[in-house]
**Q** 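Sharing a structure with you now.
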Amino acid sequence: MDKAASDNEFPLFNIVFTGYVDAVSDMHSLDPRSEVRCPPGTQRHVNIFQQNDPLLHGAPTIGCTGSVVNININEEFSGVGHGAIDDHPFTTAVLREEVIAARGCPGGQ
């Protein structure tokens, strides 16, 4: 262990939960693409996205070393508009449950 970690100057931490809600990788691009990369080191990742819009659509997250949950919101609820995904009751309920569950993961508090 290095000196900084042993002195708690920079305490070690675990990333127990991360989540995306219809994430995009580059909002300033003329061709914005879905963010599909998993955040490095996360123990559990949830991705809530939409695939029914031909221009603005999400995609499943890939490359996770921990557990991953990909949810296409339009498979759960039809007719959810692109601008309403983040405030949809389903989205907030899933994220709330996942954050509470993450507290039980190793390193979660």
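No experiment lies behind these values; they were computed from the predicted model shown. Heads up: numbering here begins at 1 and tracks the sequence.
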**Q** Are V21 and V68 connected, step by step, through hydrophobic side chains (Ile, Leu, Val, Met, Phe, Trp, Tyr) whose heavy atoms are closer than 4.5 Å?
**A**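 Hydrophobic grouping puts V21 apart from V68.
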**Q** Kindly indicate whether the side chain of F17, heavy atoms from C-beta on, has any atom under 4.5 Å from the side chain of E98.
**A**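 They are in side-chain contact.
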**Q** Does a side-chain heavy-atom distance below 4.5 Å link V94 with V69?
**A**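 Not in contact.
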**Q** Looking only at heavy atoms, what is the nearest atom pair of T18 and P39, with distance?
**A**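 Smallest interatomic distance, heavy atoms only, reads OG1-CG, 3.6 Å.
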**Q** Centroid-to-centroid, Y20 to H45, below 6.0 Å?
**A**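 Yes, the ring of Y20 comes within the 6.0 Å limit of the ring of H45, centre to centre.
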**Q** Taking the side chain as every heavy atom from C-beta outward, state whether D86 and T91 have any atom pair closer than 4.5 Å.
**A**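 No, every pair of side-chain atoms sits at 4.5 Å or beyond.
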**Q** Would you call V36 and T61 a side-chain contact if the rule is heavy atoms closer than 4.5 Å?
**A**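 Counting from C-beta outward, V36 and T61 never come under 4.5 Å.
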**Q** Quick one: does E97's side chain have a donor or acceptor within less than 3.5 Å of a partner on V99's backbone?
**A**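 Checked: no pair found.
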**Q** Measure across T65 and T42 and return the closest heavy-atom pair with its distance rounded to 0.1 Å.
**A**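 Residues T65 and T42, closest heavy atoms: OG1-O, 4.5 Å.
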**Q** Over all heavy atoms of both residues, which pair between P40 and I15 is shortest? Give the atoms and the distance, please.
**A**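 For P40 versus I15, the nearest heavy atoms are O-CD1, 3.7 Å.
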**Q** Grab the two heavy atoms, one from N14 and one from Q43, that are nearest each other, plus how far apart they are.
**A**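 Closest pair (atom of N14, atom of Q43, distance): CB-NE2, 3.5 Å.
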**Q** Please give me the minimum heavy-atom distance between Q50 and N74, naming the atom from each residue.
**A**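 Residues Q50 and N74, closest heavy atoms: CG-OD1, 2.6 Å.
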**Q** Give the intermediate values and the outcome of side-chain contact (heavy atoms from CB on, under 4.5 Å) for residues N47 and I71.
**A** CA-CA 6 Å; N47 177 26; I71 301 170; over 6 Å; no
